[in-house]
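Here the structure comes first, spelled out in structure tokens, and everything after it is commentary.
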Amino acid sequence: MQDMHVVGHVTGQTADGSLEGARVLVTGGSRGIAAAIALRAAASGAHVAINHCSEADRLAGHSGAGEGLIGTMNESGGRAVSIDMNLLGTGAGRALVRKAERELGGIDCLVLSASIQVERPFVEQTHDDLDRQLLLNLRANIAILQAALPGMAANRYGRVLSIGSVQELAPSVRMPVYTMTKAAMRALIEGLALEYAPHGVTLNTLSPGLIATDRNERHRADAAGWEAIQSRANPMGRAGVPEELVPGAILLLSPESAFITGATLYATGGAHIQDSDRAARPAT
């Protein structure tokens, strides 16, 4: 009988759901879903490099978010380093991977979370709006993957998790270009899953629905309006929280997920399920 005890080729961690010894790079890791994943990874024994952009954090009203998160992780016994790098810069994707490899000694797990949303009608989106979304949401991720995947393949072990969106299946009229980039990333991840499956490298997508993060803080300021948004968002009638996405993320990053690749896990409260009666039902 085949031995079902899976051991990571690089890190030596066993298939118990932990990330002990794994070297993890998380992009856009200072806030929201990515921060929650990074915290759990560090708590599970991983050595984590968090990529963030301090200027983007400042503009979003969260100055020092990256440094604060690193401090929290290290004070609680984790091992974490900060890589403050704007991925919109020329060559930034490859530079990030090289810096993370130096800081960590290599990369076993990669979480692609950094992205830009522009909520504006399609015909009103400017060239800058389009360029920033295409550059960060697609081109930077492509560069990161081109730089990171050969090393994983050489080591015969790797886990890649792309943070997608329910909009891959249920597009939003408020952010059509963002929706396009997320659908394109899912297609890319599926294609690369085929290429790298023989090399012990898995690539998967975790696609959330409405999640209460700093991106929708302005909506949550209006309690009645936020309640209305939640009631229409999914069959559960509520927003999720970042921590509810963490168990699925850790599974897909762990050694025990060795036979899962090219998959998309939807964490949406059911919003991704087609329901012809939903529009006819009164809001809860």
Side-chain angles (χ1 to χ4, degrees), residues 8 10-11 13 17-19 21-53 56 65-66 69-70 73 78-85 87 92-93 96-97 99-101 103-104 106-116 136-138 140-149 151-152 157-165 181-182 185-186 188-189 192-193 196 201-208 211 213 242-255 257 260-265 267:
V10 177
T11 65
Q13 69 268 37
S18 78
L19 294 177
R23 301 164 296 185
V24 182
L25 170 61
V26 182
T27 73
S30 57
R31 295 178 278 133
I33 294 167
I37 294 171
L39 278 167
R40 181 69 64 84
S44 297
H47 189 186
V48 183
I50 293 176
N51 158 248
H52 67 105
C53 175
L69 180 63
I70 292 293
M73 295 166 74
R79 294 181 298 163
V81 295
S82 168
I83 303 178
D84 187 351
M85 183 179 295
L87 293 178
L96 171 63
V97 171
K99 185 170 179 61
E101 288 174 335
E103 293 282 355
L104 303 176
I107 298 172
D108 303 310
C109 304
L110 171 62
V111 179
L112 298 172
S113 182
S115 67
I116 291 175
L136 182 56
N137 302 1
L138 287 177
N141 284 331
I142 290 170
I144 291 168
L145 288 164
Q146 287 179 326
L149 285 172
M152 291 181 175
Y157 184 85
R159 298 287 183 267
V160 176
L161 181 63
S162 175
I163 305 302
S165 171
T181 64
K182 287 300 184 180
M185 274 301 299
R186 187 186 70 174
L188 177 63
I189 291 296
L192 292 174
Y196 282 89
V201 180
T202 67
L203 298 96
N204 295 289
T205 301
L206 176 61
S207 293
I211 307 296
T213 68
E243 290 72 20
E244 291 179 300
L245 276 70
V246 170
I250 296 302
L251 169 64
L252 294 173
L253 292 171
S254 73
S257 66
I260 305 173
T261 195
T264 299
L265 174 59

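Numbering starts at 1 and runs along the sequence shown.
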I would like to know whether Val201 and Leu149 meet side-chain contact (heavy atoms from CB on, under 4.5 Å); could you show each step before the answer? CA-CA 8 Å; Val201 180; Leu149 285 172; 3.9 Å; yes
Would you say [X] and [Y] make side-chain contact, with heavy atoms under 4.5 Å?
X	Y	value
Leu252	Arg159	no
Leu87	Ile144	yes
Asp84	His52	yes
Asn204	Leu265	no
Glu101	Ile107	yes
Leu245	Ile37	no

Look up atom [atom1] in [X] and atom [atom2] in [Y], then write down how far apart they are to the nearest 0.5 Å.
X	Y	atom1	atom2	answer
Glu103	Ile50	CD	CD1	12.5 Å
Leu19	Ile250	CG	CD1	5.0 Å
Thr181	Arg186	OG1	CZ	12.5 Å
Ile70	Arg79	CD1	CZ	13.0 Å
Leu206	Ser165	CG	OG	11.0 Å
Asn141	Ile189	CG	CD1	8.0 Å

Check: [Y] main-chain N/O paired with [X] side-chain donor or acceptor under 3.5 Å:
X	Y	answer
Thr261	Leu203	yes
Asp108	Gly158	no
Ser30	Ala65	no
Asn137	Ile116	yes

Can you name the nearest heavy-atom pair linking [X] to [Y], along with the distance?
X	Y	result
Leu145	Val160	CD2-CG1, 3.9 Å
Leu69	Gly29	CD2-O, 3.1 Å
Met185	Leu112	CE-CD1, 4.1 Å
Ala34	Gly28	CB-O, 3.2 Å
Leu161	Thr205	CD1-C, 4.1 Å
Met73	Leu39	CG-CD2, 3.4 Å

Residue set satisfying side chain to side chain donor-acceptor pair (under 3.5 Å) with Ser113, at least two apart, ordered chain then number -> none
